[in-house]
> 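First the structure, which I've put down as structure tokens, then a few questions once you've had a look.
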Amino acid sequence: MRIVVSGVVAALLGISIVVAQTTPPKPGPEHKRLDRMVGQWSYQGEAKASPLGPGGKITGSETCEWFQGGFAVVCRTKGTGPRGPMTGMSVMSYQPSEKAYTYYAISSQGDNFFIHGQLSGNVWTFEDTMEVEGKPMKIRATVTEESPTVTTFKLEAGAEGQMMVVEEGRSTRQK
């Protein structure tokens, strides 16, 4: 009898482990908050001359969609700025273990960013330190939701306490 009971217990444990492994996780409310980014956007703005590059007008378009599973939004960008035409791709998600949003972006001009951020009300703030010309430089990207179809953005860079605006502009949802 003991062998039968042990066999049943082992089978039930095995089933619960398989069920636990095959039940896919579900996106949380923080993931669902990314829905704001989904759609087709156009943007325009101004880059200021800085250690990050020359100054001038920036324009472009971005198409963002949910990645399968609903945990991340993937965006593809085409635009032009002071350094010429560019294409880019970015992924934005939420990392529960750090209680932070993540943003990873690459561009055809060699840019590569991975930063963490927070959302407070309608303001997304991402901060990190990167190396520019062999020296550490703090960067801060702020995106403010002005309305369901309009956001403003600002990129600041510099040493702590000496941050300067290096790019700012406005994005409008087209669809």
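Just so you know, these numbers come straight off a predicted model, no measurement behind them.
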> Determine, stepwise, if the pair T102 / Q95 fulfils side-chain hydrogen bond (donor to acceptor under 3.5 Å, both in side chains).
CA-CA 7 Å; T102 58; Q95 191 169 4; 5.2 Å; no
> Looking at every heavy atom in both G84 and Q109, which two are closest together, and how far apart are they?
O-NE2, 3.3 Å
> Between K32 and P27, which heavy-atom pair has the shortest distance, and what is it?
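Of all heavy-atom pairs spanning K32 and P27, the closest is CE-O, 3.8 Å.
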> Take atom NZ in K48; do more than 12 heavy atoms of anything else shown fall under 6.0 Å from it?
yes
> Would a single hydrophobic cluster contain both L119 and L155, if residues Ile, Leu, Val, Met, Phe, Trp and Tyr are joined by side-chain heavy-atom contacts under 4.5 Å?
yes
> Can you find a pair of side-chain heavy atoms, one from M92 and one from C64, that are under 4.5 Å apart?
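M92 does not reach C64 side chain to side chain.
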> Tell me if the CD atom of Q68 is crowded by more than 12 foreign heavy atoms within 6.0 Å.
no
> Is V73 reachable from Y43 through a run of I, L, V, M, F, W or Y residues, each pair having side-chain heavy atoms under 4.5 Å apart?
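Yes; tracing contacts between hydrophobic side chains, which count when under 4.5 Å, links both residues.
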> Distance only, no hydrogens: is a donor on one side chain within 3.5 Å (strictly under) of an acceptor on the other, for T152 and E146?
yes
> Does the distance from a Lys or Arg side-chain N to an Asp or Glu carboxylate O, for R76 and E65, drop under 4.0 Å?
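No salt bridge links R76 with E65.
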> Are any non-hydrogen side-chain atoms of Y94 and R33 less than 4.5 angstrom apart?
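The answer is no; the side chains never approach within 4.5 Å.
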> Is there a side-chain contact between M130 and D128 in this structure, where contact means two heavy atoms from C-beta onward sitting under 4.5 Å apart?
no
> So with a 6.0 Å cut-off around CZ of F67, is the heavy-atom count from everything else above 12?
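It does not: F67 CZ has 12 such atoms or fewer within range.
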> Compare every heavy atom of A47 with every heavy atom of P82, then report the nearest pair and how far apart it is.
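Shortest heavy-atom separation between P82 and A47 comes out as CG-CB, 3.9 Å.
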> Indicate the atoms forming the closest heavy-atom contact of R36 with V150, along with that distance.
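Where R36 meets V150 most closely, the heavy atoms are NH2-O, 3.2 Å.
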> Could you point out which residue of E46, E168, E167 forms a salt bridge (charged side-chain N to carboxylate O under 4.0 Å, His left out) with K57?
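The salt bridge (charged side-chain N to carboxylate O under 4.0 Å, His left out) with K57 is passed solely by E46 among E46, E168, E167.
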> In Å, rounded to the nearest 0.5 Å, how long is the span from OG1 of T142 to CD of E127?
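If I round to the nearest 0.5 Å, the distance is 7.5 Å.
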> One pair to check against side-chain contact (heavy atoms from CB on, under 4.5 Å): W66 and D35. What are the steps and the verdict?
CA-CA 8 Å; W66 281 106; D35 194 51; 2.9 Å; yes
> Contact between T125 and R140 at the side-chain level, heavy atoms closer than 4.5 Å - yes or no?
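Yes. Closest side-chain heavy atoms under 4.5 Å.
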> T151 versus W124: any side-chain heavy-atom pair under 4.5 Å?
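Heavy-atom side-chain distance check fails, nothing below 4.5 Å.
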> Is any side-chain heavy atom of M164 closer than 4.5 Å to one of S50?
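S50 reaches M164 side chain to side chain.
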> Search all heavy atoms of I58 against all heavy atoms of G81 and return the closest pair with its distance.
CG2-CA, 3.9 Å
> So if you build clusters from Ile, Leu, Val, Met, Phe, Trp, Tyr with side-chain heavy-atom gaps below 4.5 Å, do W41 and V74 land together?
no
> Side-chain contact test, heavy atoms from C-beta onward, threshold under 4.5 Å: evaluate it for F71 versus P25 and give yes or no.
yes
